[in-house]
Amino acid sequence: MTVTESAPEGHARAGARALHEGILRRQSARESAARTYARTLPIVPVRARGLTIEGADGRRYLDCLSGAGALALGHNHPVVLAAVRKVLDSGAPLHALDLATPVKDAFVTELFATLPPGLADRARVQFCGPAGTDAVEAAFKLVRAATGRSAIMAFTGAYHGMTAGALAASGHAPDVRVVRLPYPQDYRCPFGVGGPRGAELASRWTESVLDDPKSGVPLPAGMILEPVQGEGGVLPAPDDWMRRMRQITAERSVPLIADEVQTGVGRTGAFWAVEHSGVTPDVMVLSKAIGGSLPLAVVVYRDDLDVWEPGAHAGTFRGNQLAMAAGTATLAHVRENRLAERAATLGARMLARLGRLAEEHPCVGEVRGRGLMLGLELVDPEGERSGGEAIATATATATATGVGVGVGQGVALTRTRSAEPRPAAPELAAAVQRECLRRGLIVELGGRHASVVRLLPPLTITDEQAAAVLDRLADAVEAVASTAADLLGRGSTRPGPTRRQRGSTRPAEGTG
Ligand code: PMP
């Protein structure tokens, strides 16, 4: 009880605390060891609106995880609530298999109005199971049926979901039926050069794997890519590389599948992230934000790929009317209020401020992002640099063309310091996440080594809220930077992790 608190207030607070702790205790006793966010975010949400979540213990948090990127409009947006209430009050069936309903008709009309022009005129939509991973499975099955081939090409660091096929195409679960290609990235460029040259080499590798008759790689049924890798560590693909992938696949009749599960609905500063490069994919897999916070996923593809027999891809939960209504309201609100443009401008400003944070703290190796998909990579500031010289050259080039701007056509990626990568520091990233939570800020972790702190705020975030988010984050980074040596096992009696442990290939805890 505080000095200003009355006795009943003190009791209420103690009761709320007991409720909070009891629920968390029962969760850890009863739920699977595989639980994810629940481990790193020990909160018990009971109310939420926009950017804010209120816990059972009465604490309030600014939520920059946004349901793993599912909440384009934040929690419980009025247009979403109104759309859901309208369906509930209308007496419409909540479950409708894949039958035609006015709610579904309105959703498809709104969805098609947003599609990239090359696809909009000739699009077909398939309602699959409700998760992103279901849409990925459906897309693979579709392109295999359409081409009669079976291999899938995917990229290092990819994340496409947790069911067998989608997992096989993800970077942390290798599978022989999936051919792995290098995803371009600047800071940890696999070719040690970064920048446009690194992306060019990645494209050439892809081309040679496809054209070399002895590459050991069959012509694939499809190529799947994320225009910005999210779980992979917030890596925006350069627009030129995207166009090259489109050209390479088109010339060889390989369907290009854009996984826009996380990047879609304005998140990256365009309604669909493929619009930045002007690429028209053959197939798009969509989920998360399209359901307006409720489960919904679809595959959208060009009509000539529609070779499926009736019933070729079925499922019980493909007609979630509430999700379709919430999704229609969300898509329309993002479109009508130009929230993609808002994400672009606010995201650029936030990235600039994060850049200053990186300049102040050597443990922030790089900040990067596109629109409101932002990340800070935490590194061991005293760890041995890798590939120093080659990358230093690339930095010099990037700096000459505009300070701090690397790949991604000058909009995607800010490089704020020397570009030679230090070893990833997942323990610092986890500490930043904990310190953020203590300050009432929820952030996500991602990246190859779980060393990237990620921000996915709702597109409705105000300037004041964005400033509050960045203040809390800066404060958390400051706190972690001042104890970095201890956290890394130096300057304390605690033995430090080995280099390999620090560079663990385990996916980030919250992956999903
Ligand atoms: N693709 C991408 C790009 C994703 O980010 C995710 C989820 N993080 C998925 C697919 C899988 O979606 P879900 O968790 O709904 O299965």
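We count ligands from 1, going down the list as the structure has it; atoms in each ligand are counted the same way. Residue indices begin at 1 and follow the sequence shown.
No donor-acceptor contact under 3.5 angstrom links the side chains of Asp239 and His276, judged on distance only. Side-chain N/O atoms of Glu110 and Thr328 include no donor and acceptor closer than 3.5 Å. Side-chain contact check for Thr263 and Trp272: no donor-acceptor pair (N or O, by modelled atom type) lies under 3.5 Å. Between the side chains of Gln229 and Gln262, no donor N or O sits under 3.5 Å from an acceptor N or O.
Proximity to Gly161 (heavy-atom distance under 4.0 Å) selects the following atoms of ligand 1: 11 (C). Using a 4.0 Å cut-off to heavy atoms of Ala131, the atoms of ligand 1 that qualify are 15 (O), 16 (O). Counting the atoms of ligand 1 from 1 in the order shown, those under 4.0 Å from a heavy atom of Tyr159 are 1 (N), 2 (C), 3 (C), 4 (C), 6 (C), 7 (C), 8 (N), 9 (C). Ligand-side atoms of ligand 1 in range of Asp259: 1 (N), 2 (C), 3 (C), 10 (C), range being under 4.0 angstrom from any heavy atom.
Considering all non-hydrogen atoms of both residues, Ala166 and Val136 come closest at CB-CG1, 3.7 Å.
Residue Thr133 touches ligand 1 through backbone and side chain together, judged by heavy-atom distances below 4.0 Å.
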Item to check | Chi angles and distances behind the side chain to side chain contact (heavy atoms under 4.5 Å, CB included) call for Val209, Met153 | outcome: CA-CA 10 Å; Val209 160; Met153 286 192 146; 3.8 Å; yes
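Legend: residues meeting ring-ring contact (aromatic ring centres under 6.0 Å, His included) with Trp205, ordered by chain and number and at least two apart, are absent.
Not one N or O of Ser287 is nearer than 3.5 Å to an N or O of ligand 1, by distance alone. An N or O contact shorter than 3.5 Å links Gly132 to ligand 1 by distance.
Ligand 1 has Lys288 within reach: a non-hydrogen atom of the residue lies less than 4.0 Å from it.
Residue His160 holds the heavy atom nearest to atom 10 (C) of ligand 1 of all those in Gln262, Glu444, His160.
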